[in-house]
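Structure record follows, encoded as structure tokens.
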Amino acid sequence: MTAPQASDTTNRTRMERYDAASIEPRWQARWNELGLYRTDLHDDSRPKFFLLTMYPYPSGDLHIGHWYIKSPTDAIARYRRMHGYNVFFPIGFDAFGLPAENAAIKNRINPRDWTMRNIEHERVQLRSMGASFDWESEVVTCDPAFYRWNQWFFLQFLKAGLAYRAVSPVDWCPNDGTLAREQVEGVDRRCWRCGAKVEKRDLAQWYLRVTKYADELLDFTGLDWPEPIKTMQTNWIGRSEGGEVEFRSAPAAHHAGGEPIRVFTTRPDTLFGATFMVLAPEHPLVATLTAPEHKAEVEAYVAKARAATEIERLSTDREKTGVAIGAEAINPVNDERIPIFIADYVLAGYGTGAIMAVPAHDERDFAFAKQFGLPIRRVVAEPGDEPQELGDAAYVAHGAGERLVNSGRFSGMPADQAGKAIVAWLGEQGRGKPAVTYRLRDWLISRQRYWGTPIPVIYCDTHGIVPVPDEELPVRLPDTVDYRGSGENPLARDESFLNVTCPIGGEPARRETDTMDTFIDSAWYWYRYLSPEKAGAALDVKLAEAWTPVDQYTGGAEHAVMHLLYAREFTRMMRDCGILDQDEPFKRLFNQGQILGTDGERMSKSRGNVRDPDDLVRTYGADTIRLFLMFMGPWDQGGPWSESGIGGVHKFLGRVWALAMDPHRVEPGDPLGGRLPAGQDAAAAEAAIRRVAHQTLRDVTADYEAFRFNTMVAKLMELANALFRYRGTEVAGGPAWDEALRLMLLMLAPAAPHVTEELWSRRAAAAGRSWSSIHLESWPEVDVAAASEATREVPVQVNGKLRDRIVVPTEVDAATLERMALEAPRIREILAGRTPLKIIQAGGGRLVNVVVRE
RNA sequence: GCCGGAGUGGCGAAAUGGCAUACGCAAUCGACUCAAAAUCGAUCGAGGGCAACCUCAUGUGGGUUCGAAUCCCACCUCCGGCACCA
């Protein structure tokens with residue numbers, strides 16, 4: 001793609017061509033100088049509009065995908081301002097995280113230096129878009145002035161019992177220390193850096209008790225969010241209703257028995273079909289219940305399970321494995337003794353970590369039973385399909401209208417009632433109760449990493465876990481960091497960071513070296529935008545009450561069950577700590593699609609398919625890129641990057657420029673140039689111009705409202721094409737033309753802010769008016785009368801097939817329309833004297849369909 | 001496997017029960033030019049016909065309807081998420 005240049009000498013002398021490079025930096029500087037996008041948060045004379053777009057991670061270079069999110073979002077900001085809203089449109093940087101650390105280890109520099117240098121560059125890139133961010137509200141999360149409030153929130157949560165510490169397994173490399181899950185490679189689980197075998201290690205970790213909000217988070221009432229996101233969150237939270245049933249261990253040579261073993265089931269109706277029990281390898285009773293002769297085998301299996309990743313353990317196609325522990329459980333519904341196994345398909349972290357296995361009615365239990373030759377007993381059947389004998393060895397999918405069989409006193413009961421009945425019956429004996437379980441886990445926030453917010457606690461041998469006192473916040477990251485070329489957390493051997501005295505008794509004590517998950521930062525960052533400099537509190541409650549929840553949030557759907565869920569959880573934790581009385585952070589959410597590389601893969605530096613916007617800016621200018629990204633297709637769609645159409649959009653801006661700057665020119669190649677369309681006098685031409693301009697305004701307004709930017713641009717192109725037809729004619733430059741051009745610039749201003757500002761200022765100068773920014777103008781009103789037409793065309797169908805079009809007066813009545821349709825020559829011909837069975841007028845007379853017998 | 005989303009010209013796409021293919025790209029032709037580029041104009045789903053027009057076409061197969069790209073049923077393909085959650 002070569003740069004369009006004004007190379008024609010004749011044209012250059014005639015007219016100055018559209019040249020973005022000479023326009024855009026000038027206006028960006030001017031807007032900045034005037035503080036045009038600085039929001040007065042205390043101005044309550046206008047309705048507020050908090051427009052938030054997901055802040056970028058400063059990885060070094062923004063790519064075209066970032067522009068795809070931010071260009072239309074900026075258009076929304078500008079459109080809202082033109083409607084009289086006090087728009088707050090801030091930006092910041094999600095500055096903590098692993099890539100900074102990896103780059104730092106590789107290049108032997110401080111993650112801070114790497115991050116701040118990238119932010120510097122990205123600020124320049126973002127400014128080159130001409131986006132109307134309020135830069136004075138900028139938030140950078142690696143700034144101690146920001147992350148000290150992460151620490152403060154954490155301590156509030158600790159006080160409220162919402163943060164707690166527990167032991168859990170993490171991935172651990174013998175050479176490089178702790179690893180993130182994505183740094184463990186291959187099925188044999190090797191370290192990405194040194195290739196050593198990775199194992200699981202139990203570490204004490206900090207959690208936030210977000211499962212407390214599971215039910216609340218399922219309620220999306222009042223939220224205007226995309227359905228797919230709500231579905232994903234709902235599935236992620238994964239509420240299951242059923243019962244918790246207490247089995248007992250049976251007495252055995254090595255064990256007295258009577259130990260309660262609780263299981264969770266969604267199918268209590270199948271309790272009589274339980275033929276064995278499975279515990280998770282990590283289940284606390286495994287050690288107690290295992291018979292001495294099974295000990296070696298059981299311990300070996302537990303060790304093996306620990307070496308496997310979650311993904312491996314949970315992969316569906318894997319063959320079932322497990323071992324018997326040499327003990328039995330007693331089924332409370334029939335006092336049957338069933339063998340106990342451990343198997344890694346049962347997860348310690350879900351339900352009670354133990355299941356009753358009903359192979360006849362559960363696919364996984366069925367597979368396990370087949371593998372180990374265990375009995376399979378059907379206890380639910382459709383009438384007429386009852387099993388002939390107990391050992392009927394088949395898995396039966398759940399169906400409607402089933403009744404219980406082989407289930408003692410419950411046999412014959414409809415399956416959909418039996419579950420509740422059995423749980424109630426067990427409940428009377430204290431052996432069971434209704435229960436709800438969630439897939440959602442508490443949020444593990446500990447990271448064994450340097451580049452994050454230090455968790456503000458101290459471990460003292462005398463006083464245990466001691467919170468860092470508020471007045472000692474922030475706990476700062478040390479400025480010097482020595483990685484020794486390894487991934488191990490350098491904080492863990494930084495003696496000056498590590499060694500402290502206990503805030504309670506003054507004894508020597510040690511600091512927590514784990515840092516927080518960076519999703520903590522993004523779980524509340526938008527509140528900080530409102531008062532980024534505030535020293536005494538995390539947020540300004542008055543401003544937060546006035547400005548939040550966020551009115552519109554834009555960003556990618558890849559955050560569906562992470563950031564977007566964490567933010568909802570965090571807001572509720574803030575609420576429960578009495579910090580801000582708010583449940584939901586984002587009223588309205590829009591997920592734009594994702595721009596992929598030309599290869600159809602996700603854009604990433606390692607794939608080498610990243611499109612850098614900077615040289616596109618140099619070639620075409622920001623306005624063209626912004627407009628092209630909006631024109632490509634529906635905003636929520638995205639797709640592989642292709643710039644083959646960008647020239648067309650650039651040409652369109654050139655045509656708008658020509659209409660404004662040189663209305664009287666007739667292009668030498670235009671055979672109709674300079675003459676009005678046949679049969680149109682000047683008055684008719686002016687009416688036609690006003691009609692198309694106001695119709696466009698009507699349609700474009702609706703498109704902006706619905707974020708349909710692609711059709712918005714198409715309609716402006718049509719308007720430009722329509723005006724071009726009148727270029728060089730006697731009406732060019734006249735009042736109707738002038739009005740149409742004014743509307744064109746106003747409609748285009750949110751999308752292409754620079755060229756419209758330039759043409760706006762030139763119009764003011766030409767008219768002898770003083771300049772005032774187009775971005776301070778109000779959105780124009782549609783002149784309904786001007787947009788209306790005297791006649792309209794109505795398609796006439798016969799049996800649903802288009803056969804003719806007739807021109808009728810706009811306000812024609814139904815009877816007249818029907819008569820005119822039947823009288824149309826082609827329709828008469830096709831009807832050939834047949835009497836219509838029915839005549840349908842659709843959409844209030846927009847279309848006529850004549851139905852006849854074929 | 002389960003849950004979402006999507007399949008329309010050579011390409012990006014428009015139309016969400018009523019004129020299929022708006023707008024743009026590419027392509028072809030023409031004007032301007034010594035020439036090229038830029039610019040301007042025209043043509044542009046497939047097949048048939050001298051033509052007016054006709055037939056076919058929105059992933060595939062059925063259905064509902066006067067009328068279906070649009071709604072329903074079954075299937076195919078692609079993309080995203082979850083992935084032994086008892």
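In what follows, chains carry the letters A, B, and so on, assigned in the order in which the sequence lines appear, proteins first and then strands, with residues in each chain numbered from 1.
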> Of all the choices, B:rA86, B:rG12, B:rG81, which nucleotide is nearest to the side chain of A:R602 once you look at every atom?
Replying inline: B:rG81

> Hey, is the main chain of A:R853 close enough, under 3.5 Å, to the side chain of A:R834 for a donor-acceptor pair?
Replying inline: yes

> In terms of side-chain heavy atoms of A:K651, which of B:rA86, B:rC82, B:rC25 is nearest?
Replying inline: B:rC25

> Who are the ring-ring contact (aromatic ring centres under 6.0 Å, His included) partners of A:F724, not counting sequence neighbours?
Replying inline: none

> Which of the following nucleotides, B:rC23, B:rC54, B:rC82, is nearest to the side chain of A:W236?
Replying inline: B:rC82

> Is the CZ atom of A:R828 crowded by more than 12 outside heavy atoms at less than 6.0 Å?
Replying inline: no

> Of the candidate nucleotides B:rA13, B:rA38, B:rA20, which contains the atom at the shortest distance from the side chain of A:R17?
Replying inline: B:rA38

>> Could you check whether A:F276 and A:F372 have their ring centres less than 6.0 Å apart?
In response: no

>> Whole angstroms only, please: what is the CD-P distance between A:E667 and B:rU39?
In response: 10 Å

> Under 4.0 Å: is that the gap between some side-chain N or O of A:N710 and OP1 or OP2 of B:rA14?
Replying inline: yes

>> Would you measure the distance from the C1' atom in B:rC56 across to the matching atom in B:rA20 and give it in whole Å?
In response: 13 Å

> Under 4.0 angstrom, heavy atoms only, what part of the nucleic acid is A:R826 near: base, sugar-phosphate, or nothing?
Replying inline: sugar-phosphate

>> The criterion is side-chain hydrogen bond (donor to acceptor under 3.5 Å, both in side chains); which residues satisfy it with A:E793, sequence neighbours excluded?
In response: none

> Is any side-chain N or O of A:R655 closer than 4.0 Å to OP1 or OP2 of B:rC40?
Replying inline: yes

>> Below the 4.0 Å mark, does B:rA22 have OP1 or OP2 next to a side-chain nitrogen or oxygen of A:T711?
In response: no

>> Looking only at the side chain of A:M232 (C-beta and beyond, no hydrogens), which of the listed nucleotides B:rA86, B:rG81, B:rA22 gets closest?
In response: B:rG81

> salt bridge (charged side-chain N to carboxylate O under 4.0 Å, His left out) with A:R239: which residues, sequence neighbours excluded?
Replying inline: A:D215, A:E241

> Whole Å only: how far is the CD1 atom of A:I595 from the C1' atom of B:rG12?
Replying inline: 11 Å

>> Any salt bridge linking A:R267 with A:D269? Criterion: basic side-chain nitrogen under 4.0 Å from a carboxylate oxygen.
In response: yes

>> If I take atom CZ in residue A:F652 and atom P in nucleotide B:rU39, what distance separates them, rounded to the nearest angstrom?
In response: 15 Å

>> For the C1' atoms, the ones on B:rU70 and on B:rU58, what distance do you get once it is rounded to whole angstrom?
In response: 10 Å

> For the pair made of CG in A:L719 and P in B:rA22, what is the distance, rounded to whole Å?
Replying inline: 18 Å

>> Please give the distance between the P atoms of B:rG45 and B:rG24 as a whole number of Å.
In response: 15 Å

> How close or far is atom P of B:rC3 from atom CG of A:N235, stated in whole angstroms?
Replying inline: 9 Å

>> Between B:rU64 and B:rG17, how many Å separate the two C1' atoms, rounded to a whole number?
In response: 12 Å

> Counting side-chain heavy atoms from CB outward, which of B:rA13, B:rG5, B:rA86 is closest to A:P228?
Replying inline: B:rG5

> Does A:R792 CZ have over 12 foreign heavy atoms under 6.0 Å away?
Replying inline: yes

> In residues 695-708 of chain A, which residues come under 4.0 Å of RNA chain B by heavy atom?
Replying inline: none

> Since syn is defined as within 90° of 0, does B:rG62 count as syn or as anti?
Replying inline: anti

> Could you state the CD1-P distance from A:I237 to B:rG81, rounded to the nearest angstrom?
Replying inline: 19 Å

>> Could you tell me how far B:rC78 sits from B:rU8 if I compare only their C1' atoms? Round to whole Å.
In response: 15 Å

> B:rG59 and B:rG7: how far apart are their P atoms, nearest whole angstrom?
Replying inline: 8 Å

> Please, what dot-bracket string fits RNA chain B when only Watson-Crick and G-U pairs with both distances under 3.5 Å count, crossing ones use [ ] and pairs to another strand use |?
Replying inline: (((((((..(((.....[....))).(((((.......))))).((((....))))..(((((..]....))))))))))))....

> Using the P atom in both, what is the distance from B:rA37 to B:rU28, to the nearest Å?
Replying inline: 11 Å

> Within the structure, does a side-chain N or O atom of A:N721 lie under 4.0 Å from either OP1 or OP2 of B:rG24?
Replying inline: yes

> Quick one: A:Q594 CD to B:rA6 P, roughly how many Å, whole number?
Replying inline: 17 Å

> For the rings on A:F631 and A:F652, is their centre-to-centre separation under 6.0 Å?
Replying inline: no

> Do the ring planes of A:F368 and A:F341 sit parallel (below 30°), tilted (30 to 60°) or perpendicular (above 60°)?
Replying inline: perpendicular

>> I'd like to know if A:D703 pairs up with A:K715 as an ion pair, taking the criterion as any Lys NZ or Arg NE/NH1/NH2 lying under 4.0 Å from an Asp or Glu carboxylate oxygen.
In response: yes

Collect all protein-nucleotide pairs involving nucleotides 63-72 of chain B in which both atoms are nitrogen or oxygen and the distance is under 3.5 Å.
residue: B:rC66; atom: O2; partner: A:N849; partner atom: ND2; Å: 2.4

>> Closest-nucleotide mapping onto RNA chain B: is A:K715 or A:P795 further toward the 5' terminus? I mean the 5' end.
In response: A:P795

> When rounded to the nearest Å, what value does the distance between C1' atoms of B:rC50 and B:rA35 take?
Replying inline: 39 Å

> Does the side chain of A:R439 get closer than 4.0 angstrom to OP1 or OP2 of B:rA83 through an N or O atom?
Replying inline: yes

>> Can you classify the ring geometry of A:F707 versus A:F709 as parallel (below 30°), tilted (30 to 60°) or perpendicular (above 60°)?
In response: parallel

>> Would you compute the distance between atom CG of A:D623 and atom CZ of A:R626 and round it to the nearest 0.5 angstrom?
In response: 6.5 Å

> Do A:Y704 and A:W635 have ring centroids that are under 6.0 Å from one another?
Replying inline: no

> Should the pair A:E667-A:R727 be classified as a salt bridge under the 4.0 Å nitrogen-to-oxygen rule?
Replying inline: yes

>> Using whole Å, what does the distance between atom C1' of nucleotide B:rA15 and atom CZ of A:R846 come to?
In response: 11 Å

> Quick one: is A:R665 getting a side-chain N or O under 4.0 Å of the B:rC32 phosphate, OP1 or OP2?
Replying inline: no

>> Here's a test of your reading of the structure: between A:F724 and A:T437, which maps to the more 5' nucleotide of RNA chain B?
In response: A:F724

